[in-house]
S.K.: 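Before I ask anything, let me first share the structure, which is written out below as structure tokens.
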2 protein chains.
Amino acid sequence: MKLKNKDVWALPGGFVRKDKDVDDEAKAVLQERTGLTDIFLHQFHSFGSVSRQDPKHASDLVEMGVIDPTMEEWFKQRYVSIGYYALVEYSKVKLPIPDATSDYCSWVPINDLPKLVIDHESIIGKAHQTLKKELNYQPIGFNLLPELFTMPELQALYETLLQSKLDRRNFRRKMLAYGILIDTNQKREGVGHKAPILYRFDLEKYFSAIKDGFSSGW
Amino acid sequence: MKLKNKDVWALPGGFVRKDKDVDDEAKAVLQERTGLTDIFLHQFHSFGSVSRQDPKHASDLVEMGVIDPTMEEWFKQRYVSIGYYALVEYSKVKLPIPDATSDYCSWVPINDLPKLVIDHESIIGKAHQTLKKELNYQPIGFNLLPELFTMPELQALYETLLQSKLDRRNFRRKMLAYGILIDTNQKREGVGHKAPILYRFDLEKYFSAIKDGFSSGW
DNA sequence: CCAAAAGTGTTGAAATTACACCCATGG
DNA sequence: CCATGGGTGTAATTTCAACACTTTTGG
């Protein structure tokens, strides 16, 4: 989200109320910004260095009338942020909703990040790194793809997440070996080339794979 | 740590002061309980469910004189715990030091846990699960083993952490392939069988492997 | 010489990589 | 008919799993 009156961006976030689960508060932030529920949301790390404060930001907020002046000192404290990453199908939320501190909110490509407050860039780095590792243990794609999707679409998703190209044939083999895809015997039509097969996730196997994880290593 | 006047145990922990890095506070807890510094300490998850409170515990603390009665309410709040696990060579700290709330402090085998407060058992579970996954990405053993150690000792460490038996020959091959071990051309003597080779870690490679991680998966 | 545990090597299976051809579709 | 991208197969390589015999040492 681009902060008001500043050429600096920030990750969406919020405070954890005393009587709420932290996980639920994360869900709420996601829901407020995107309107989406029931999506993949994963805690990956907490950030609690003393350098995580930007006193200037607090005074800006007062100036903008976003917070009450009596709260300025409180806002100048160091926060501990518990990082969560969500996987959201971009096209489902073209325009995420900004909060009171920001002008607007939009999707930003990970390899072309704007200037970010405090340590938010390193938070994104950690999230991305964690996600890449998790791909070795868990399937991904449900609610990032339409109900029916093609193998190349799934591959494109992986390539986006991993930021690297994968071999078509090997990707297909590996993915099918996971046993979480169902061939619907349908094809995607209207493309200017051979019609690709439409798959859907075998949700039972998909979620049991998320729960148990793919074997790997020791 | 066994809590005073109770047959219930708790993980060591503490509060994060406002002017301290969370990581440093974790280090401090470790240092206070074990006297050790410079050891592997890794944040793995934060726990923030609203059920994480035990009002009874707060009143017990008042009764025991550990905290001031005026603080009782404050202690009844829900805490968010940021979990860290450390890898400590057990023999270096035979008797960890209890804090004011506990009678004594000791090492407990993971498969024979006593009754633990609130969600501490699930915290241990999560830590163990995380550790097992990390073994696929990182070498482990430095400051868990003496400077010189044998392959079977390293294997025993892995088997302890993974809670499973590994094949001697395959373990050796895999470990040597990581390229983080140096054959010192010495043997451990005084054992009633063939003298095992003493290795030490190639620290430069060891730490670069921790930093970059072993390849795995995608 | 014997018990105990360490060192070592091989083989088959499985997974991974690299790579090339044919096929269906829309224009 | 052609451009585009999807489907498929295979061979070479690497990794992994399973497994047994020989060696060294102290007692």
Side-chain angles (χ1 to χ4, degrees), chain A residues 132-133 135-139 141 145-146 148-160 162 164-201 209 212-218, chain B residues 132-133 135-139 141 145-146 148-160 162-200 209 212-218:
Chain A
K132 287 193 280 189
K133 284 187 179 177
L135 285 186
N136 294 318
Y137 297 105
Q138 299 192 355
L145 293 170
L148 302 184
F149 55 88
T150 68
M151 193 62 78
E153 286 163 2
L154 183 58
Q155 181 177 340
L157 170 61
Y158 271 73
E159 290 178 342
T160 302
L162 294 165
S164 72
K165 283 279 165 199
L166 302 172
D167 181 89
R168 225 151 38 88
R169 293 153 284 196
N170 296 335
F171 177 82
R172 162 183 295 273
R173 189 187 357 253
K174 186 161 179 170
M175 199 52 62
L176 289 174
Y178 284 159
I180 55 170
L181 297 182
I182 296 173
D183 182 338
T184 63
N185 292 315
Q186 300 172 63
K187 313 240 165 144
R188 167 137 306 154
E189 292 176 23
V191 291
H193 52 76
K194 184 167 178 177
I197 299 170
L198 287 168
Y199 294 92
R200 59 186 172 81
F201 287 113
D212 304 336
F214 299 136
S215 69
S216 168
W218 298 98
Chain B
K132 286 193 279 190
K133 285 187 178 178
L135 285 187
N136 295 318
Y137 298 105
Q138 299 191 355
L145 293 170
L148 302 185
F149 53 88
T150 68
M151 193 63 78
E153 285 163 3
L154 183 57
Q155 180 176 343
L157 170 60
Y158 271 74
E159 290 179 343
T160 301
L162 294 166
Q163 299 266 296
S164 71
K165 282 281 167 199
L166 302 171
D167 182 88
R168 250 188 23 242
R169 293 153 285 195
N170 297 335
F171 177 82
R172 161 184 293 272
R173 189 184 359 254
K174 186 163 181 170
M175 198 54 62
L176 289 174
Y178 285 158
I180 55 170
L181 297 182
I182 295 174
D183 182 338
T184 63
N185 293 314
Q186 300 172 61
K187 313 240 164 143
R188 167 137 307 155
E189 292 176 23
V191 291
H193 52 78
K194 185 168 178 176
I197 298 170
L198 286 168
Y199 294 91
R200 61 186 171 80
D212 303 335
F214 299 136
S215 71
S216 170
W218 299 100

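Residue numbering restarts at 1 for every chain, and letters A, B, ... go by the order of the sequence lines.
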S.K.: Drop me the distance from A/Phe171's CZ to A/Leu154's CG, to the nearest 0.5 angstrom.
M.R.: 4.0 Å

S.K.: Could you check how far CG of B/Leu198 sits from C1' of C/dA6, rounded to whole Å?
M.R.: 12 Å

S.K.: Rounding to a whole Å, what distance do you find between A/Leu181:CG and D/dG6:P?
M.R.: 16 Å

S.K.: Can you measure A/Arg188 atom CZ to D/dG7 atom P for me and round it to whole angstrom units?
M.R.: 11 Å

S.K.: If I take atom CZ in residue A/Arg168 and atom P in nucleotide C/dT16, what distance separates them, rounded to the nearest angstrom?
M.R.: 19 Å

S.K.: Rounded to the nearest angstrom, tell me the gap between atom NZ in A/Lys194 and atom C1' in C/dC22.
M.R.: 8 Å

S.K.: With the side chain counted from C-beta on, respond yes when B/Thr184 and B/Tyr199 share a heavy-atom pair under 4.5 Å apart, and no when they do not.
M.R.: no

S.K.: Once you round it to whole Å, what is the distance between P of D/dG9 and CG of A/Asn170?
M.R.: 14 Å

S.K.: What's the CG-C1' distance between A/Leu176 and D/dG7, to the nearest Å?
M.R.: 11 Å

S.K.: Please report, rounded to the nearest Å, how far the P atom of C/dA14 is from the CZ atom of A/Phe214.
M.R.: 20 Å

S.K.: Is the backbone N or O of B/Arg172 less than 3.5 Å from a side-chain atom of B/Gln155, with the two atoms forming a donor-acceptor pair by type?
M.R.: no

S.K.: Going by heavy atoms in the side chains, are A/Leu198 and A/Thr150 under 4.5 Å from each other?
M.R.: yes

S.K.: Quick check on DNA chain D: between A/Gly192 and A/Met151, whose nearest nucleotide comes earlier from the 5' end?
M.R.: A/Gly192

S.K.: Does the base of C/dT17 carry an N or O that pairs as donor and acceptor with the side chain of A/Arg169 under 3.5 Å?
M.R.: no

S.K.: Between D/dC16 and B/Arg173, is there an OP1 or OP2 to side-chain N/O distance shorter than 4.0 Å?
M.R.: no

